[in-house]
Structure formats: C-alpha cells, structure tokens
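One structure is given here, and the rest of the page talks about it.
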Number of protein chains: 2
Amino acid sequence: MNNHTESEENYIKALYHLGGEGAVASGALANRVGAKGPSATQAVRRLASKGLVEVIPYKGVKLTLDGLTLAKHILRKHRLWETFLVEKLGFGWEEVHPIAEQLEHIQSRELVEKLADYLDSPVHDPHGDPIPQADGKIPPATGKPLQKFSQGSSLKVVRVEDAGTDFFTQLDLLEISLGKEYTLTSVSSFDSSIQLQAEDGESFWLSHSMSSNIYAISL
Amino acid sequence: MNNHTESEENYIKALYHLGGEGAVASGALANRVGAKGPSATQAVRRLASKGLVEVIPYKGVKLTLDGLTLAKHILRKHRLWETFLVEKLGFGWEEVHPIAEQLEHIQSRELVEKLADYLDSPVHDPHGDPIPQADGKIPPATGKPLQKFSQGSSLKVVRVEDAGTDFFTQLDLLEISLGKEYTLTSVSSFDSSIQLQAEDGESFWLSHSMSSNIYAISL
DNA sequence: AAATAAGTTTAGGCAAAGCTAAACCTTTCT
DNA sequence: AGAAAGGTTTAGCTTTGCCTAAACTTATTT
C-alpha cells in the first residue's frame, strides 16, 4: 500500500493544492493535472480503490487521512528539493519548480531525511513557503500581501507566490529577495501601486500585480 | 526525439552494460532489466522506431550512435548522483545504487551540470568507477584485481565491483576503502587467498571472492 | 415546472509495458 | 541430414493512463 505511480502522486498533490482537506470537483482536478475530465474520473477511481480518496459521484472528491499524509509528504519532498537546488546548486528561484516536480517522486525515506539534515532542517523553501515536517506538521504560512500594509510601515519580505517566470525576473531586476527590509513610503489610491524604500535609501514603485504576490511581515 | 520513458532508458542502460557498442541477445537483455523475453522484443522494437538501436531478428540488438550517447549520459547521471549521495549526504556506498537508479532518470541538462560542478567535476564515483564526462568521453577504468599483484608489491585500492550488500559490509568491517594503501605480504597457493598489510602494520587475510572484486594500482 | 446549460460519468479507443502460451528460427547432437 | 534443444518472436491478454463522443446529473434560467 506504499507504492504509488507518478500519475497517482500528481493527482494527490493536485487534490491537496485545490482543496486541502475539503472536496474538489473532478473538472478542476483534471484541469490542474493537465488532463481531461474522464481521465480524472478514472484516476480518482484508482485512488479510491487504494483508500487515498473518497468520492461522491457528481459531487466531489476528498483526500482520506492516508491521502492527506501522502500529499504532505510529497510536498515536503518538493520543497526540500527546491531548497537544495537554490541553496546548494545555485539555481534561480524561478527555475526550480519543474525540476522539483520530477525529484518529488523519488522514493526513499532515508534520502528525504538525509537531505533535510543536509539542508539544516529548513522550515521554509526558497519562495518562503512552509515545508511540511517529517511528522506531518506544517509551519504556518507567514506574511501578508504588501497592499495590506499601511503607509509608513517597516516590513520584511518573507514569501512570494509563484506567479510565473516574468514575475521572478522582475523581482530579480528590482533586487527583491526573501529577508530584505523596506519601508512602505507611499500608496497610490489611483491604481493601488505602492512605493517601497530600501534600507540603502533607494525607493521604487511596485504595480498592484507585483505587490499582491509579495508577502511580508511588519517589523 | 529527446524524451524517453524510464523503461526505455532502462533498456538502453542494460544494452550498454551488456554489450557496450556490440550486439546483445534479447534474452540476456530481458534478464538484465528483470523482464521476460517477449517484453524485451517489444521494447527493442519501440527503441528501434526511435532510432536508438538496430535489430537483426533472431541475432541481436545493438545501440546506434544516438543510443550510445544516451546510455553514457544516463550512466553519467547515475554516477554523479551516487557521488552526491555518498559525499554530501553521508550514505554508505552499499546503499546508493537503488536510489541513483531513480535519480538517473531526472531530466534536466542544467541540473546535471550544476551537480557536477557542485561535486567538483568528479572523474570517479564512490566505487571507483569512471564517470562519463559531459562530452561523452569516459575516463579509463583504473586498477586490476588484487590477485594480479605479486607478493611484496605495494598497492592502492582504487575501485571495487558492486558484488552485493554483504560484500560491502565485509569491506567496511575490514576498513577497506578507496585510496587505502597496502602491501601484499602473502599469497596462498592453496585457495588463492591473499594477505594484506596496512600502513599501520595490521595485516589480514582476504578470500579469493573478496579480492577478485577489489581493484588496485601498484605504487 | 420545463427547458437549457454546465459539468460529470460511461463507453469505447489507443499506446506503453508487462505477462503466458504457442509458433518459429538456429544451433547442436546423433 | 534429421531431430531435439534452446532461444526468439508472434499472438493474445492485462493494467495504467490518457483521449473523444455520447449519455447522464445537476443547476440555472425562463
């Protein structure tokens, strides 16, 4: 009962991403894994026969406890590998997702734990997303989007949402990275763009679509 | 033409291992990949349609140039990952093969080269086997089996053949590892076992089945 | 309440990859 | 040379995983 195909794992992951512990429609699921409706229906049946999901026909699919555990383990692997790729191999944070998508399917409990040790048991991945721990616990997602901050507040960037390559390129251009601190100097009431001032005094504007994908904590 | 399944890659690898550039019988191939005859025949047909092998029915299968290149690339990945697992993650040399067998299928040119850099472009894996280089060149396999040495010679262990877990356990017990130096103090003409003396003066006997899997160069 | 739209599942196909049993080449032995 | 042996390929079946088209539910709209 411990041996799953890559396809199965991808459906489990998608289910977790879309619904967490709640129910998900088969169409949305199909969409997420890049398949068509009937493929998802079928896949879900296979998962149900392994006890990983519960299905109510025409209503939705939900992870069982086993399914949830598996989902979190896969996510753990994914984010550990992303951390490895960035911290050790020097990949840019925009490049690692597709590679981690492959690496997350490698099966070896020992490997996962040795990798975690090697990375000093990280709690967040290079995007600031929480890494599920070996016991299944998930550290809380930190930070709130930049627009939630009010003018004058000091903040530290702790997380970015994966909004595609261009988004990351723009971040790199502006030299925004996790851990950097800024003061929010201005908010446009016209287009909700905001102005940040870095510690070195330099300041710059961020569009709403940029800032809504950047999460920070106040200092 | 650059996208292969794991199964395909396993057949390619097996072909390379069994025959190098020469022809291999379908039975031997099936055997190596852990399948039955007909499965191999079929697999080989798929490979042929992709231009990776040439088949002469009832005679044998041979890698094409493309197939050979692919085989060496997979072997490169396998041995780089083994090196990573031992050097960086602290695995024992007997544990890494099955994990590397999974990792070798990860597709990302950039990953392979970054990994190689990270490991300082190694030329040999933890067993002393040569790692094919990015340009396809393969460093020569060094060393000869211990019995080929004559009494009194000084030698350095440079390679061991993968002869199963028990073999590695025995090596660890005797504290034999790559790079260690010994003097061959005695050869039994009865059972071809040999006696080695370590640099610290300790000496011990090695059975023929042990020594035939240990390779060394003379000093 | 009936009709239409939207989403889900069934039905039936296809390719990859494996299997067993049967047919078919090659080689080897008498 | 003819027959038996051994290895290889063909035939036909299974599962996974995906597809399209058709049937079926559910939800929405009139």
Checklist entry - Can A:D191 and A:S193 be said to form a side chain to side chain donor-acceptor pair (under 3.5 Å), step by step? => result CA-CA 5 Å; A:D191 65 356; A:S193 62; 2.8 Å; yes
Next on the checklist: Counting only side-chain heavy atoms from C-beta out, which of D:dT8, D:dT16, C:dT20 sits nearest to B:K36?
Outcome noted: C:dT20
Checklist entry - Closest to the B:T5 side chain: D:dC19, D:dT8, C:dA16? => result C:dA16
Next on the checklist: When you measure from the centre of the six-membered ring of A:Y16, is the NZ or CZ of A:K72 closer than 6.0 Å and no more than 45° off the axis?
Outcome noted: no
Checklist outcome for this item: To the nearest angstrom, the CG-C1' distance between B:L52 and C:dA16 comes to 15 Å
Checklist entry - Nearest of D:dG17, D:dT8, C:dT9 to any side-chain atom of A:T41? => result C:dT9
Checklist entry - Separation of B:I56 atom CD1 from C:dC25 atom C1', in whole Å? => result 15 Å
Checklist entry - Phosphate oxygens OP1/OP2 of D:dT16: is one of them under 4.0 Å from a side-chain N or O of A:R45? => result no
Checklist entry - Over how many whole Å does the gap from B:N3 atom CG to C:dA16 atom P extend? => result 12 Å
Next on the checklist: With a 4.0 Å limit, can you tell me whether B:S39 has a side-chain N or O closer than that to the phosphate oxygens OP1/OP2 of C:dA17?
Outcome noted: no
Checklist entry - Taking atom C1' of D:dT16 as reference, at what distance in whole Å does atom CD of A:E9 sit? => result 15 Å
Checklist entry - Just how far is it from atom CD of A:E9 to atom CG of A:L52, taken to the nearest 0.5 Å? => result 10.0 Å
Checklist entry - Can you tell me how far P of C:dT9 sits from CZ of A:R46, to the nearest Å? => result 14 Å
Next on the checklist: Tell me the interatomic distance from B:L47, atom CG, to C:dA16, atom P, rounded to whole angstroms.
Outcome noted: 11 Å
Checklist outcome for this item: Rounded to whole Å, the CG-P distance (A:N31 to D:dC19) equals 11 Å
Checklist entry - How close or far is atom P of C:dC24 from atom OH of B:Y58, stated in whole angstroms? => result 9 Å
Item to check | For B:H127, all residues meeting ring-ring contact (aromatic ring centres under 6.0 Å, His included), sequence neighbours excluded | outcome: B:F168
Next on the checklist: Cation-pi check for B:Y118 against B:K88: NZ or CZ below 6.0 Å from the six-membered ring centre and within 45 degrees of the axis, yes or no?
Outcome noted: yes
Item to check | Residue closer to the 5' end of DNA chain D, A:Y11 versus B:A28 (nearest nucleotide) | outcome: B:A28
Checklist entry - D:dG7, D:dC18, C:dT9: which one has an atom nearest the side-chain heavy atoms of A:P57? => result C:dT9
Checklist entry - For the side chain of A:P38, counting heavy atoms from C-beta on, which of C:dC24, C:dA11, D:dT10 is nearest? => result C:dA11
Checklist entry - How would you label the contact of A:S7 with the nucleic acid (heavy atoms, under 4.0 Å): base, sugar-phosphate, or nothing? => result sugar-phosphate
Item to check | Nearest-nucleotide 5' precedence on DNA chain D, A:K59 against A:A40 | outcome: A:A40
